[in-house]
There are 2 protein chains.
Amino acid sequence: MQKPSQLQLLVYRRFLEQFVVFTDEQWEIFCNELQLKKIKKKEFLIEAGKVCNEVAFILRGAIRYYHVKDGEEITNYFSLENEMVSAYKSFLTQKPSAAYIEAIENTQAIIFNKSSLEKLLEDERINMKMERFGRVVAETVLCCYDDRVTAFIIQTPEERYVSLLESGSPILTRIPQHYIANYLGITPVSLSRIRRRVSKPNTGLRFAAS
Amino acid sequence: MQKPSQLQLLVYRRFLEQFVVFTDEQWEIFCNELQLKKIKKKEFLIEAGKVCNEVAFILRGAIRYYHVKDGEEITNYFSLENEMVSAYKSFLTQKPSAAYIEAIENTQAIIFNKSSLEKLLEDERINMKMERFGRVVAETVLCCYDDRVTAFIIQTPEERYVSLLESGSPILTRIPQHYIANYLGITPVSLSRIRRRVSKPNTGLRFAAS
DNA sequence: GCGGGACGTTAACAAAAGATAATAAAATAG
DNA sequence: CTATTTTATTATCTTTTGTTAACGTCCCGC
(Lines give C-alpha, C1' and ligand atoms only; values in the text may rest on other atoms or scores of the structure.)
Protein backbone atom coordinates (compact mmCIF):
# COMPACT_ATOMS: atom_id res chain seq x y z
CA MET A 1 0.00 0.00 0.00
CA GLN A 2 1.29 3.42 -1.00
CA LYS A 3 1.74 6.61 0.98
CA PRO A 4 -0.09 9.70 -0.24
CA SER A 5 2.03 12.49 -1.72
CA GLN A 6 2.60 15.76 0.15
CA LEU A 7 0.20 17.53 -2.20
CA GLN A 8 -2.51 14.93 -1.65
CA LEU A 9 -2.04 15.22 2.10
CA LEU A 10 -2.37 18.98 1.89
CA VAL A 11 -5.67 18.66 0.02
CA TYR A 12 -6.90 16.32 2.73
CA ARG A 13 -5.72 18.63 5.52
CA ARG A 14 -7.59 21.58 4.00
CA PHE A 15 -10.70 19.46 3.71
CA LEU A 16 -10.50 18.23 7.30
CA GLU A 17 -10.17 21.77 8.61
CA GLN A 18 -13.91 22.14 8.23
CA PHE A 19 -14.18 19.56 11.01
CA VAL A 20 -11.10 20.09 13.18
CA VAL A 21 -7.76 21.92 12.95
CA PHE A 22 -4.67 19.85 13.69
CA THR A 23 -1.41 21.30 15.00
CA ASP A 24 1.59 20.47 12.84
CA GLU A 25 2.70 17.85 15.36
CA GLN A 26 -0.75 16.27 15.42
CA TRP A 27 -0.96 16.32 11.66
CA GLU A 28 2.28 14.41 11.38
CA ILE A 29 1.02 11.76 13.80
CA PHE A 30 -2.21 11.54 11.83
CA CYS A 31 -0.45 11.34 8.45
CA ASN A 32 1.65 8.39 9.54
CA GLU A 33 -1.54 6.37 9.64
CA LEU A 34 -2.79 7.30 6.18
CA GLN A 35 -2.56 5.19 3.06
CA LEU A 36 -3.18 5.88 -0.61
CA LYS A 37 -5.47 3.45 -2.39
CA LYS A 38 -6.18 3.22 -6.10
CA ILE A 39 -9.45 1.56 -6.99
CA LYS A 40 -10.20 0.70 -10.59
CA LYS A 41 -13.68 1.12 -12.00
CA LYS A 42 -15.97 -1.73 -10.85
CA GLU A 43 -13.67 -2.67 -7.98
CA PHE A 44 -14.97 -2.60 -4.42
CA LEU A 45 -14.03 -0.39 -1.53
CA ILE A 46 -16.32 -2.45 0.72
CA GLU A 47 -18.28 -5.62 0.05
CA ALA A 48 -21.54 -6.54 1.78
CA GLY A 49 -21.08 -9.12 4.50
CA LYS A 50 -17.66 -7.81 5.51
CA VAL A 51 -16.95 -5.38 8.32
CA CYS A 52 -15.92 -1.95 7.08
CA ASN A 53 -12.68 -0.84 8.71
CA GLU A 54 -11.93 2.19 6.58
CA VAL A 55 -12.96 5.75 6.06
CA ALA A 56 -11.81 7.03 2.69
CA PHE A 57 -11.36 10.52 1.30
CA ILE A 58 -11.79 10.68 -2.46
CA LEU A 59 -9.02 12.56 -4.24
CA ARG A 60 -10.27 11.61 -7.67
CA GLY A 61 -13.08 9.46 -9.02
CA ALA A 62 -16.62 8.49 -8.15
CA ILE A 63 -18.19 5.94 -5.84
CA ARG A 64 -21.59 4.36 -5.50
CA TYR A 65 -23.19 2.55 -2.56
CA TYR A 66 -25.64 -0.19 -3.36
CA HIS A 67 -27.65 -3.00 -1.82
CA VAL A 68 -28.59 -6.26 -3.49
CA LYS A 69 -32.22 -7.28 -3.14
CA ASP A 70 -33.67 -10.29 -4.98
CA GLY A 71 -30.53 -10.37 -7.09
CA GLU A 72 -30.99 -6.75 -8.15
CA GLU A 73 -28.57 -3.95 -7.37
CA ILE A 74 -30.22 -0.92 -5.83
CA THR A 75 -28.06 2.18 -5.63
CA ASN A 76 -28.33 4.13 -2.41
CA TYR A 77 -25.84 6.97 -2.64
CA PHE A 78 -22.86 8.47 -4.43
CA SER A 79 -19.68 10.21 -3.41
CA LEU A 80 -17.40 12.25 -5.62
CA GLU A 81 -14.09 14.09 -5.20
CA ASN A 82 -13.47 15.89 -1.94
CA GLU A 83 -15.93 13.76 -0.02
CA MET A 84 -15.52 11.16 2.67
CA VAL A 85 -16.73 7.64 2.04
CA SER A 86 -17.45 4.79 4.37
CA ALA A 87 -20.04 2.22 5.33
CA TYR A 88 -20.33 4.30 8.49
CA LYS A 89 -22.75 2.06 10.30
CA SER A 90 -20.54 -0.97 9.78
CA PHE A 91 -17.44 1.04 10.68
CA LEU A 92 -19.03 2.31 13.89
CA THR A 93 -20.72 -0.90 15.03
CA GLN A 94 -18.11 -3.30 13.62
CA LYS A 95 -20.89 -5.42 12.18
CA PRO A 96 -20.97 -6.62 8.56
CA SER A 97 -21.92 -4.02 6.00
CA ALA A 98 -25.29 -4.46 4.30
CA ALA A 99 -24.08 -2.47 1.30
CA TYR A 100 -21.42 -2.66 -1.35
CA ILE A 101 -19.28 0.38 -2.08
CA GLU A 102 -17.92 0.32 -5.61
CA ALA A 103 -15.84 2.64 -7.76
CA ILE A 104 -17.74 3.71 -10.87
CA GLU A 105 -14.72 5.61 -12.15
CA ASN A 106 -11.06 4.92 -11.56
CA THR A 107 -10.62 6.37 -8.11
CA GLN A 108 -7.82 7.51 -5.82
CA ALA A 109 -8.51 7.82 -2.13
CA ILE A 110 -6.75 8.43 1.15
CA ILE A 111 -7.58 5.68 3.62
CA PHE A 112 -7.84 5.97 7.39
CA ASN A 113 -8.29 2.72 9.32
CA LYS A 114 -10.37 1.78 12.34
CA SER A 115 -7.26 0.41 14.04
CA SER A 116 -5.47 3.70 13.45
CA LEU A 117 -8.42 5.55 14.94
CA GLU A 118 -8.33 3.36 18.03
CA LYS A 119 -4.57 3.81 18.31
CA LEU A 120 -4.84 7.59 18.10
CA LEU A 121 -7.72 7.67 20.59
CA GLU A 122 -5.19 6.23 23.07
CA ASP A 123 -2.41 8.68 22.15
CA GLU A 124 -2.49 11.62 24.57
CA ARG A 125 -0.94 13.97 22.05
CA ILE A 126 -3.96 13.72 19.78
CA ASN A 127 -6.81 11.83 21.50
CA MET A 128 -8.88 14.92 22.34
CA LYS A 129 -8.73 16.01 18.74
CA MET A 130 -9.67 12.57 17.48
CA GLU A 131 -12.69 12.46 19.78
CA ARG A 132 -13.79 15.81 18.43
CA PHE A 133 -13.01 14.75 14.88
CA GLY A 134 -15.18 11.66 15.28
CA ARG A 135 -17.95 13.68 16.83
CA VAL A 136 -18.01 16.39 14.21
CA VAL A 137 -17.85 13.94 11.30
CA ALA A 138 -20.69 11.91 12.80
CA GLU A 139 -22.70 15.11 13.28
CA THR A 140 -22.11 16.13 9.68
CA VAL A 141 -23.15 12.75 8.30
CA LEU A 142 -26.18 12.82 10.62
CA CYS A 143 -27.32 16.14 9.14
CA CYS A 144 -27.03 14.75 5.60
CA TYR A 145 -29.13 11.74 6.57
CA ASP A 146 -31.69 14.01 8.21
CA ASP A 147 -32.17 15.91 4.96
CA ARG A 148 -32.48 12.67 3.06
CA VAL A 149 -35.11 11.17 5.35
CA THR A 150 -37.07 14.43 5.35
CA ALA A 151 -37.02 14.46 1.55
CA PHE A 152 -38.57 10.99 1.47
CA ILE A 153 -41.27 12.00 3.94
CA ILE A 154 -42.35 15.37 2.63
CA GLN A 155 -41.44 15.37 -1.07
CA THR A 156 -42.77 13.47 -4.07
CA PRO A 157 -40.24 11.70 -6.31
CA GLU A 158 -40.66 14.52 -8.84
CA GLU A 159 -39.94 17.13 -6.17
CA ARG A 160 -36.87 15.21 -5.08
CA TYR A 161 -35.63 15.17 -8.68
CA VAL A 162 -36.23 18.90 -9.10
CA SER A 163 -34.42 19.59 -5.82
CA LEU A 164 -31.46 17.62 -7.09
CA LEU A 165 -31.61 19.50 -10.37
CA GLU A 166 -31.73 22.88 -8.64
CA SER A 167 -28.95 21.97 -6.24
CA GLY A 168 -26.60 21.97 -9.21
CA SER A 169 -25.04 18.77 -7.92
CA PRO A 170 -22.48 17.22 -10.27
CA ILE A 171 -24.27 13.92 -9.64
CA LEU A 172 -26.63 14.62 -12.54
CA THR A 173 -23.83 14.93 -15.05
CA ARG A 174 -21.46 12.35 -13.64
CA ILE A 175 -23.70 9.46 -12.63
CA PRO A 176 -25.74 7.13 -14.89
CA GLN A 177 -29.41 7.94 -14.70
CA HIS A 178 -30.63 4.53 -13.57
CA TYR A 179 -28.44 4.83 -10.49
CA ILE A 180 -29.91 8.27 -9.77
CA ALA A 181 -33.39 6.77 -10.07
CA ASN A 182 -32.61 4.29 -7.27
CA TYR A 183 -31.16 7.09 -5.18
CA LEU A 184 -34.43 9.00 -5.56
CA GLY A 185 -36.40 5.91 -4.57
CA ILE A 186 -37.94 5.21 -7.99
CA THR A 187 -37.33 3.07 -11.09
CA PRO A 188 -35.28 4.23 -14.07
CA VAL A 189 -38.40 4.19 -16.25
CA SER A 190 -40.21 6.41 -13.79
CA LEU A 191 -37.31 8.87 -13.66
CA SER A 192 -37.33 9.08 -17.44
CA ARG A 193 -41.02 10.01 -17.33
CA ILE A 194 -40.42 12.61 -14.63
CA ARG A 195 -37.65 14.15 -16.73
CA ARG A 196 -40.06 14.46 -19.64
CA ARG A 197 -42.71 16.09 -17.45
CA VAL A 198 -40.20 18.52 -15.95
CA SER A 199 -38.57 19.49 -19.26
CA LYS A 200 -41.90 20.19 -20.99
CA PRO A 201 -43.92 21.90 -18.28
CA ASN A 202 -47.57 22.89 -18.83
CA THR A 203 -47.94 21.18 -22.18
CA GLY A 204 -51.30 19.91 -21.10
CA LEU A 205 -52.35 22.99 -19.16
CA ARG A 206 -51.65 25.64 -21.75
CA PHE A 207 -54.45 24.39 -23.92
CA ALA A 208 -56.94 24.41 -21.08
CA ALA A 209 -55.89 27.90 -19.99
CA SER A 210 -55.95 29.60 -23.36
CA MET B 1 -38.08 25.10 35.89
CA GLN B 2 -37.89 22.07 38.17
CA LYS B 3 -35.04 19.79 39.07
CA PRO B 4 -35.44 16.09 38.33
CA SER B 5 -35.83 13.76 41.31
CA GLN B 6 -33.05 11.40 42.38
CA LEU B 7 -34.96 8.48 40.96
CA GLN B 8 -35.45 10.19 37.62
CA LEU B 9 -31.76 11.04 37.50
CA LEU B 10 -30.88 7.42 38.20
CA VAL B 11 -33.05 6.25 35.30
CA TYR B 12 -31.27 8.73 33.05
CA ARG B 13 -27.85 7.68 34.30
CA ARG B 14 -28.56 4.02 33.55
CA PHE B 15 -29.76 4.98 30.08
CA LEU B 16 -26.69 7.08 29.34
CA GLU B 17 -24.36 4.28 30.35
CA GLN B 18 -24.95 2.73 26.95
CA PHE B 19 -23.09 5.73 25.57
CA VAL B 20 -20.61 6.72 28.25
CA VAL B 21 -19.98 5.96 31.93
CA PHE B 22 -19.61 8.97 34.23
CA THR B 23 -17.64 8.94 37.47
CA ASP B 24 -19.67 10.04 40.48
CA GLU B 25 -17.95 13.43 40.43
CA GLN B 26 -18.67 13.89 36.73
CA TRP B 27 -22.24 12.80 37.20
CA GLU B 28 -22.78 15.45 39.84
CA ILE B 29 -21.39 18.13 37.54
CA PHE B 30 -23.62 16.87 34.74
CA CYS B 31 -26.73 16.70 36.94
CA ASN B 32 -26.37 20.32 37.98
CA GLU B 33 -27.18 21.27 34.41
CA LEU B 34 -30.30 19.14 34.05
CA GLN B 35 -33.87 20.33 34.26
CA LEU B 36 -37.20 18.59 34.47
CA LYS B 37 -39.83 19.67 31.99
CA LYS B 38 -43.50 18.72 31.89
CA ILE B 39 -45.12 19.04 28.51
CA LYS B 40 -48.86 18.65 28.18
CA LYS B 41 -50.42 16.87 25.24
CA LYS B 42 -50.40 19.11 22.13
CA GLU B 43 -47.73 21.40 23.56
CA PHE B 44 -44.44 21.88 21.74
CA LEU B 45 -40.96 20.87 22.70
CA ILE B 46 -39.64 22.66 19.61
CA GLU B 47 -41.39 24.82 17.04
CA ALA B 48 -40.33 25.14 13.41
CA GLY B 49 -38.46 28.36 12.70
CA LYS B 50 -36.80 28.43 16.12
CA VAL B 51 -33.35 27.16 16.95
CA CYS B 52 -33.40 23.99 19.02
CA ASN B 53 -31.21 24.35 22.11
CA GLU B 54 -32.27 21.23 23.97
CA VAL B 55 -31.80 17.51 24.00
CA ALA B 56 -34.52 15.81 26.00
CA PHE B 57 -34.76 12.38 27.57
CA ILE B 58 -38.33 11.12 27.85
CA LEU B 59 -39.20 9.77 31.28
CA ARG B 60 -42.86 9.36 30.44
CA GLY B 61 -45.03 10.17 27.45
CA ALA B 62 -44.84 10.23 23.68
CA ILE B 63 -43.54 12.71 21.14
CA ARG B 64 -43.98 13.23 17.42
CA TYR B 65 -41.89 15.19 14.94
CA TYR B 66 -43.70 16.75 12.04
CA HIS B 67 -43.26 19.14 9.13
CA VAL B 68 -45.90 21.42 7.69
CA LYS B 69 -46.20 21.36 3.90
CA ASP B 70 -48.98 23.20 2.08
CA GLY B 71 -50.73 23.68 5.40
CA GLU B 72 -50.70 19.93 6.08
CA GLU B 73 -48.91 18.31 8.99
CA ILE B 74 -46.67 15.42 7.93
CA THR B 75 -45.37 13.26 10.74
CA ASN B 76 -41.75 12.23 10.43
CA TYR B 77 -40.89 10.31 13.58
CA PHE B 78 -41.88 9.35 17.10
CA SER B 79 -40.10 8.97 20.39
CA LEU B 80 -41.38 7.20 23.49
CA GLU B 81 -40.13 6.59 27.02
CA ASN B 82 -36.42 5.97 27.50
CA GLU B 83 -35.48 7.70 24.29
CA MET B 84 -33.65 10.91 23.55
CA VAL B 85 -35.42 13.61 21.59
CA SER B 86 -34.10 16.64 19.78
CA ALA B 87 -34.20 18.48 16.49
CA TYR B 88 -30.60 17.29 16.20
CA LYS B 89 -29.77 19.11 13.01
CA SER B 90 -30.97 22.41 14.43
CA PHE B 91 -29.23 21.72 17.74
CA LEU B 92 -25.95 20.92 16.00
CA THR B 93 -25.98 23.65 13.36
CA GLN B 94 -27.79 26.25 15.47
CA LYS B 95 -30.04 27.02 12.54
CA PRO B 96 -33.84 27.16 12.77
CA SER B 97 -35.59 23.82 12.98
CA ALA B 98 -37.64 22.77 9.96
CA ALA B 99 -39.81 20.53 12.13
CA TYR B 100 -42.13 20.80 15.07
CA ILE B 101 -41.73 18.47 18.01
CA GLU B 102 -44.97 18.01 19.89
CA ALA B 103 -46.14 15.94 22.84
CA ILE B 104 -48.95 13.57 21.86
CA GLU B 105 -49.32 12.40 25.43
CA ASN B 106 -48.64 14.27 28.64
CA THR B 107 -44.88 13.98 28.83
CA GLN B 108 -42.11 14.34 31.38
CA ALA B 109 -38.56 14.82 30.17
CA ILE B 110 -35.10 15.64 31.45
CA ILE B 111 -33.64 18.56 29.51
CA PHE B 112 -30.00 19.17 28.70
CA ASN B 113 -29.17 22.54 27.11
CA LYS B 114 -26.77 23.55 24.38
CA SER B 115 -25.27 26.18 26.67
CA SER B 116 -24.69 23.52 29.33
CA LEU B 117 -23.01 21.34 26.74
CA GLU B 118 -20.70 24.17 25.75
CA LYS B 119 -19.96 24.95 29.38
CA LEU B 120 -19.07 21.34 30.16
CA LEU B 121 -16.94 21.04 27.01
CA GLU B 122 -14.77 23.76 28.61
CA ASP B 123 -14.66 22.09 32.04
CA GLU B 124 -11.51 19.98 32.32
CA ARG B 125 -13.07 17.64 34.83
CA ILE B 126 -15.57 16.41 32.27
CA ASN B 127 -14.75 17.73 28.80
CA MET B 128 -13.23 14.49 27.48
CA LYS B 129 -16.32 12.61 28.52
CA MET B 130 -18.62 15.17 26.94
CA GLU B 131 -16.73 14.97 23.66
CA ARG B 132 -17.14 11.22 23.71
CA PHE B 133 -20.76 11.51 24.77
CA GLY B 134 -21.49 13.82 21.85
CA ARG B 135 -19.66 11.53 19.48
CA VAL B 136 -21.37 8.34 20.56
CA VAL B 137 -24.84 9.89 20.58
CA ALA B 138 -24.28 11.30 17.09
CA GLU B 139 -23.06 7.89 15.94
CA THR B 140 -26.13 6.20 17.37
CA VAL B 141 -28.52 8.64 15.74
CA LEU B 142 -26.58 8.27 12.49
CA CYS B 143 -27.10 4.50 12.53
CA CYS B 144 -30.86 4.95 13.05
CA TYR B 145 -31.03 7.35 10.11
CA ASP B 146 -29.02 4.92 7.98
CA ASP B 147 -31.59 2.19 8.59
CA ARG B 148 -34.40 4.57 7.78
CA VAL B 149 -32.90 5.77 4.48
CA THR B 150 -32.11 2.19 3.48
CA ALA B 151 -35.71 1.18 4.20
CA PHE B 152 -36.97 3.88 1.84
CA ILE B 153 -34.58 2.81 -0.89
CA ILE B 154 -34.90 -0.96 -0.83
CA GLN B 155 -38.33 -1.65 0.68
CA THR B 156 -41.87 -1.10 -0.55
CA PRO B 157 -44.30 0.69 1.78
CA GLU B 158 -45.88 -2.68 2.58
CA GLU B 159 -42.51 -4.16 3.47
CA ARG B 160 -41.77 -1.19 5.69
CA TYR B 161 -45.08 -1.72 7.48
CA VAL B 162 -44.42 -5.42 7.96
CA SER B 163 -40.94 -4.65 9.30
CA LEU B 164 -42.46 -2.28 11.82
CA LEU B 165 -45.01 -4.92 12.72
CA GLU B 166 -42.37 -7.61 13.18
CA SER B 167 -40.11 -5.30 15.17
CA GLY B 168 -42.70 -5.39 17.91
CA SER B 169 -42.31 -1.65 18.35
CA PRO B 170 -44.79 -0.08 20.77
CA ILE B 171 -45.34 2.59 18.09
CA LEU B 172 -48.09 0.48 16.54
CA THR B 173 -50.13 0.38 19.71
CA ARG B 174 -49.35 3.83 21.05
CA ILE B 175 -49.45 6.08 18.00
CA PRO B 176 -52.48 7.03 15.86
CA GLN B 177 -52.40 5.25 12.55
CA HIS B 178 -52.46 8.30 10.30
CA TYR B 179 -49.24 9.47 11.93
CA ILE B 180 -47.67 6.06 11.30
CA ALA B 181 -48.73 6.31 7.65
CA ASN B 182 -46.73 9.53 7.25
CA TYR B 183 -43.78 7.94 9.01
CA LEU B 184 -43.87 5.09 6.47
CA GLY B 185 -44.03 7.59 3.61
CA ILE B 186 -47.63 6.87 2.56
CA THR B 187 -51.16 8.21 3.14
CA PRO B 188 -53.48 7.01 5.91
CA VAL B 189 -55.82 5.52 3.30
CA SER B 190 -52.99 3.56 1.75
CA LEU B 191 -51.87 2.23 5.12
CA SER B 192 -55.41 1.06 5.81
CA ARG B 193 -55.36 -0.90 2.54
CA ILE B 194 -51.96 -2.39 3.32
CA ARG B 195 -53.23 -3.50 6.72
CA ARG B 196 -56.12 -5.29 5.06
CA ARG B 197 -53.80 -7.01 2.58
CA VAL B 198 -51.41 -8.08 5.33
CA SER B 199 -54.10 -9.31 7.71
CA LYS B 200 -55.81 -11.44 5.06
CA PRO B 201 -52.89 -12.96 3.19
CA ASN B 202 -53.36 -15.18 0.11
CA THR B 203 -57.08 -14.55 -0.20
CA GLY B 204 -56.63 -14.26 -3.94
CA LEU B 205 -54.01 -16.96 -4.28
CA ARG B 206 -55.70 -19.79 -2.43
CA PHE B 207 -58.32 -20.10 -5.09
CA ALA B 208 -55.78 -20.26 -7.87
CA ALA B 209 -53.67 -22.83 -6.02
CA SER B 210 -56.44 -25.22 -5.08
C1' DG C 1 -75.00 12.55 29.01
C1' DC C 2 -74.48 14.98 24.73
C1' DG C 3 -72.30 16.96 20.84
C1' DG C 4 -68.40 17.62 18.08
C1' DG C 5 -64.24 16.35 16.44
C1' DA C 6 -60.75 12.85 15.58
C1' DC C 7 -59.93 8.38 13.78
C1' DG C 8 -60.09 4.22 10.83
C1' DT C 9 -62.19 1.89 7.04
C1' DT C 10 -64.13 1.55 2.62
C1' DA C 11 -65.54 2.90 -2.08
C1' DA C 12 -64.90 5.17 -6.55
C1' DC C 13 -62.14 7.45 -9.49
C1' DA C 14 -57.77 9.64 -11.05
C1' DA C 15 -52.91 9.84 -11.12
C1' DA C 16 -48.64 7.89 -10.60
C1' DA C 17 -45.51 4.24 -10.48
C1' DG C 18 -43.98 -0.57 -11.45
C1' DA C 19 -43.11 -4.35 -14.92
C1' DT C 20 -41.94 -5.67 -19.29
C1' DA C 21 -40.49 -5.19 -23.81
C1' DA C 22 -38.92 -2.80 -27.94
C1' DT C 23 -35.96 0.51 -29.82
C1' DA C 24 -32.30 3.70 -30.41
C1' DA C 25 -28.31 6.02 -28.90
C1' DA C 26 -24.05 6.06 -26.45
C1' DA C 27 -20.19 4.05 -24.29
C1' DT C 28 -16.89 0.32 -24.03
C1' DA C 29 -14.00 -3.42 -25.14
C1' DG C 30 -11.50 -5.94 -28.31
C1' DC D 1 -13.26 0.58 -36.39
C1' DT D 2 -16.60 -2.74 -35.25
C1' DA D 3 -19.20 -5.64 -32.17
C1' DT D 4 -21.11 -5.81 -27.81
C1' DT D 5 -22.84 -3.93 -23.79
C1' DT D 6 -24.80 -0.33 -21.35
C1' DT D 7 -27.94 3.26 -21.06
C1' DA D 8 -32.10 6.10 -21.90
C1' DT D 9 -36.53 6.62 -23.82
C1' DT D 10 -41.00 5.23 -25.07
C1' DA D 11 -45.20 2.31 -25.29
C1' DT D 12 -48.39 -0.87 -23.16
C1' DC D 13 -50.43 -2.96 -19.47
C1' DT D 14 -50.96 -3.83 -14.50
C1' DT D 15 -50.65 -2.57 -9.88
C1' DT D 16 -50.31 0.60 -6.44
C1' DT D 17 -51.05 4.84 -4.49
C1' DG D 18 -53.31 9.32 -4.04
C1' DT D 19 -57.69 11.96 -3.64
C1' DT D 20 -62.03 12.74 -2.11
C1' DA D 21 -65.98 11.59 0.19
C1' DA D 22 -69.01 8.85 2.99
C1' DC D 23 -69.80 6.29 7.08
C1' DG D 24 -69.45 4.47 11.65
C1' DT D 25 -66.97 4.44 15.96
C1' DC D 26 -64.62 6.20 19.63
C1' DC D 27 -63.04 9.59 22.66
C1' DC D 28 -62.97 14.02 24.90
C1' DG D 29 -64.60 18.28 26.57
C1' DC D 30 -68.33 20.69 28.08
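Proteins come first, then strands; the chains are lettered A, B, ... in the order of their sequence lines, and each starts at number 1.
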Check your understanding: Sequence neighbours excluded, which residues qualify as side chain to side chain contact (heavy atoms under 4.5 Å, CB included) partners of A:S192?
Key -> A:Q177
Check your understanding: Any ring-ring contact (aromatic ring centres under 6.0 Å, His included) pairs touching residues 78-102 of chain B, not counting sequence neighbours?
Key -> B:F44-B:Y100, B:Y66-B:Y100, B:F78-B:Y183
Check your understanding: Quick one, which residues of residues 62-70 of chain A touch DNA chain D with a heavy atom under 4.0 Å?
Key -> none
Practice item. Check DNA chain C against residues 160-181 of chain B and give the residues with a non-hydrogen atom under 4.0 Å, in numerical order. Key: B:P176, B:Q177, B:H178
Exercise for review: Name all pairs fulfilling the salt bridge (charged side-chain N to carboxylate O under 4.0 Å, His left out) condition that reach into residues 154-164 of chain A, sequence neighbours left out, sorted by first residue then second.
Suggested key: A:E158-A:R197, A:E159-B:K69
Check your understanding: Which pairs with one or both residues in residues 165-179 of chain B pass salt bridge (charged side-chain N to carboxylate O under 4.0 Å, His left out), sequence neighbours excluded?
Key -> B:E81-B:R174, B:E105-B:R174
Check your understanding: Can you list the stems that DNA chain D is part of, where a stem is at least 3 pairs in a row, each Watson-Crick or G-U, with both distances below 3.5 Å?
Key -> C:1-30 with D:1-30
Exercise for review: Round to the nearest Å and state the distance from B:K42 atom NZ to D:dC27 atom P.
Suggested key: 15 Å
Check your understanding: Between the side chains of A:N113 and A:E118, is a donor N or O closer than 3.5 angstrom to an acceptor N or O?
Key -> no
Review point. Any side-chain heavy atom of A:F57 within less than 4.5 Å of one from A:F112?
Key: no
**Study point:** Partners meeting salt bridge (charged side-chain N to carboxylate O under 4.0 Å, His left out) with B:K114 (sequence neighbours left out)
**Key:** none
Review point. Excluding sequence neighbours, so at least two apart, what forms side chain to side chain contact (heavy atoms under 4.5 Å, CB included) with B:S79?
Key: B:I58, B:I63, B:Y65, B:Y77, B:E83, B:V85
**Study point:** B:E139 bridged to B:R135 by N-O distance under 4.0 Å
**Key:** yes
Exercise for review: Sorted by first residue and then second, give each ring-ring contact (aromatic ring centres under 6.0 Å, His included) pair with at least one member in residues 135-162 of chain B; sequence neighbours left out.
Suggested key: A:F152-B:F152
Review point. With the sugar-phosphate defined as primed atoms, P, OP1 and OP2, and the base as all remaining atoms, what B/S/- string results for nucleotides 11-30 of chain C, 5' to 3', for protein heavy atoms under 4.0 Å?
Key: BB----BBBB-------S--
**Study point:** Summary of side-chain hydrogen bond (donor to acceptor under 3.5 Å, both in side chains) pairs that have at least one residue in residues 34-46 of chain B, sequence neighbours excluded
**Key:** B:K37-B:E54
